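This report refers to the structure that appears directly beneath it.
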Amino acid sequence: MATVFIPPLLRDLTAGQNRVDVPGDTIRAVIAELDRRYPGIGGRLTEDGRLRPGMSLVVDNAVSRAGMRQRVSATSEVHFLPSMSGG
């Protein structure tokens, strides 16, 4: 199962867990399982079937451009990173 690292702003939905193991072979499947376990998390990660604008996806230490189609393996590490802004 892929290990998903939960950003601090989403931990209210996971009872404070900072990472969870989730089955799935694509990010779409991983998010679907996350949302099944933690209702509402899918809506905070996605919009109109895509990753939310301003959300970056890192899989196995590489920034993904494939979005929801990104493949993952049983040993993948998945990070959802909100964009930072400021000046």
Side-chain angles (χ1 to χ4, degrees):
M1 286 193 255
T3 299
V4 179
F5 291 82
I6 307 297
L9 292 175
L10 298 179
R11 290 183 192 158
D12 61 318
L13 298 172
T14 63
Q17 294 181 79
N18 64 354
R19 63 180 158 188
V20 294
D21 293 326
V22 181
D25 58 355
T26 65
I27 290 300
R28 183 178 312 281
V30 166
I31 291 175
E33 178 61 19
L34 283 171
D35 199 51
R36 186 188 72 74
R37 291 183 189 181
Y38 312 105
I41 201 167
R44 293 186 41 196
L45 291 171
T46 65
E47 181 177 279
D48 298 325
R50 298 181 176 168
L51 287 176
R52 282 192 168 277
M55 183 70 65
S56 295
L57 171 64
V58 177
V59 177
D60 297 328
N61 296 317
V63 175
S64 171
R65 302 269 183 238
M68 301 292 275
R69 297 182 321 259
Q70 175 65 47
R71 305 284 298 170
V72 296
S73 72
T75 60
S76 287
E77 290 187 355
V78 177
H79 298 263
F80 296 102
L81 304 173
S83 297
M84 303 299 266
S85 62

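Please read these numbers as outputs of a predicted model, since none were measured by experiment.
In this structure, R19 places its CZ atom where only 12 or fewer heavy-atom neighbours from other residues, nucleotides or ligands lie under 6.0 Å away. More than 12 heavy-atom neighbours from other residues, nucleotides or ligands sit within 6.0 angstrom of CG on D21. By the 6.0 Å contact criterion, CZ on R37 is enclosed, its count of non-hydrogen atoms from other residues, nucleotides or ligands being greater than 12.
Transitive grouping of hydrophobic side chains (ILVMFWY, heavy atoms separated by less than 4.5 Å) keeps M1 and V4 in distinct clusters.
Among pairs with a residue in residues 51-73, those fulfilling salt bridge (Lys or Arg N to Asp or Glu O under 4.0 Å) read D25-R71, E47-R52, at least two apart in sequence or across chains. Residue pairs meeting the ring pair (Phe, Tyr, Trp, His ring centres under 6.0 Å) criterion with at least one partner in residues 15-72, sequence neighbours excluded, are absent.
Taken to the nearest 0.5 Å, the CZ atom of R50 stands 15.5 Å off from the CE atom of M55. If you take CE on M68 and OG1 on T46, they are separated by 5.5 Å, rounding to the nearest 0.5 Å. In this structure, CG in L34 is found 9.0 Å from OG1 in T14, a value given to the nearest 0.5 Å. Taking CG of L45 as the start and CG of L13 as the end, the distance is 9.0 Å to the nearest 0.5 Å.
Taking every heavy atom of both residues into account, R28 and G49 meet most closely at NH1-O, 3.6 Å. Residue V78 comes nearest to A2 through the heavy atom pair CG2-CB, 4.4 Å, listed as atom of the first residue, atom of the second, then distance. Contact record, A29 with G24: CB-CA, 3.9 Å, taken as the closest heavy-atom pair.
Using a 4.5 Å cut-off on side-chain heavy atoms (C-beta onward), F80 and L9 make no contact. Side-chain contact check for L51 versus Q70: every heavy-atom pair is 4.5 Å or farther apart. N18 is listed as a side-chain neighbour of R11, based on a closest heavy-atom distance under 4.5 Å.
Screening V63, V58, V59, I6 for a side chain to side chain contact (heavy atoms under 4.5 Å, CB included) with H79, the sole residue that qualifies is V58.
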